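Since this is a predicted model, take the numbers as computed values, not measurements. Counting begins at 1 with the first residue of the sequence.
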Amino acid sequence: GHGLLQAPEMILEKSRDRADNWIVYHSALGNTKAIYLNLTDAAATATGFWNDTSPTSTVWTMGTENSVNNASQETIAYCFHSVEGYSKVGSYTGNGNADGTFVYTGFRPAWILMKRSDGTENWLIYDTERDPHNVTDEALLPNTSGSSGGSANAMDILSNGFKFRATSGSLNASGGNYIYLAIASQPFKFSNAR
């Protein structure tokens, strides 16, 4: 059981008892694929991840993937679904243009986790605490032990989403498929501008 009010759209799961990969379920990838939070790998297909079963409003199903479903170990999972005005789990397709793709979230994001799912790019975290003004270009790379980095003129964080200003493969490659999780800066259904 996951304890949410609806089916998770994104699950970050890891063994607590062994050194192994973080496995990520994302609804845009479907129940036959997973992607690793600690690696740059593209999404992989295997029955062993989620037993080819989508999460429901009460449970999610683990397959036979040994890194998270082993009788002799404990695992931890962080489950997310979109909540209007608070969080958004989604996907987008890059356009490879400096006047990049606009991603609508319905709120001003304070924190964004993203990854190209069909390429070997780093995971990226952008936030408005470390980089409070547009253009936002400082990223944390959660799959590395390195310091922050990113792409020059990466994106603008807007009142209702974010828009890319770079043609980087890790953000906005033409035809590239990307997944993301965004958390609102003012987590209310109806927030005012400041």
Inset, instruction - Can you spot which of Lys163, Arg108, Arg165 makes a salt bridge (charged side-chain N to carboxylate O under 4.0 Å, His left out) with Asp156? - result: Arg165
Inset, instruction - Could you walk me through whether Leu12 and Met10 pass the side chain to side chain contact (heavy atoms under 4.5 Å, CB included) test, one step at a time? - result: CA-CA 7 Å; Leu12 312 172; Met10 187 172 192; 4.0 Å; yes
Would you say [X] and [Y] make side-chain contact, with heavy atoms under 4.5 Å?
| X | Y | answer |
| --- | --- | --- |
| Tyr178 | Met114 | no |
| Val24 | Tyr36 | no |
| Trp123 | Ile179 | yes |
| Met155 | Ile112 | yes |
| Arg130 | Leu140 | yes |
| Asn134 | Ile157 | yes |
| Asp131 | Asp137 | yes |
| Leu4 | Trp60 | no |

Legend entry - Test side chain to side chain contact (heavy atoms under 4.5 Å, CB included) applied to Phe102 and Asn160, step by step: CA-CA 10 Å; Phe102 168 72; Asn160 60 351; 3.5 Å; yes
Residue pair [X] / [Y]: nearest heavy atoms and the distance that separates them:
| X | Y | answer |
| --- | --- | --- |
| Ala139 | Leu124 | CB-CD2, 3.9 Å |
| Tyr180 | His26 | O-NE2, 3.5 Å |
| Ile23 | Trp50 | CG2-CZ2, 3.5 Å |
| Ala7 | Pro55 | CB-O, 3.5 Å |
| Gly161 | Thr105 | CA-OG1, 3.3 Å |

Inset, instruction - Flag yes if Leu158 and Tyr92 sit in one hydrophobic cluster, no otherwise; membership is Ile, Leu, Val, Met, Phe, Trp, Tyr, and two members link when side-chain heavy atoms are under 4.5 Å apart. - result: no
Inset, instruction - Would you check if the distance from the ring center of Tyr126 to the ring center of Phe162 is below 6.0 Å? - result: no
Under 3.5 Å, is there a donor-acceptor pair between the [X] and [Y] side chains?
| X | Y | answer |
| --- | --- | --- |
| Asn31 | Ser54 | yes |
| Asn97 | Asn172 | no |
| Ser170 | Asn122 | no |

Inset, instruction - Start with the C-alpha distance between Ile76 and Glu74, add both sets of side-chain angles, then the distance that settles side chain to side chain contact (heavy atoms under 4.5 Å, CB included), and finish with yes or no. - result: CA-CA 7 Å; Ile76 190 165; Glu74 291 186 20; over 6 Å; no
Inset, instruction - Determine the sole option in Asn21, Asn143, Thr144 for which the side-chain hydrogen bond (donor to acceptor under 3.5 Å, both in side chains) test with Asn38 is passed. - result: Asn21
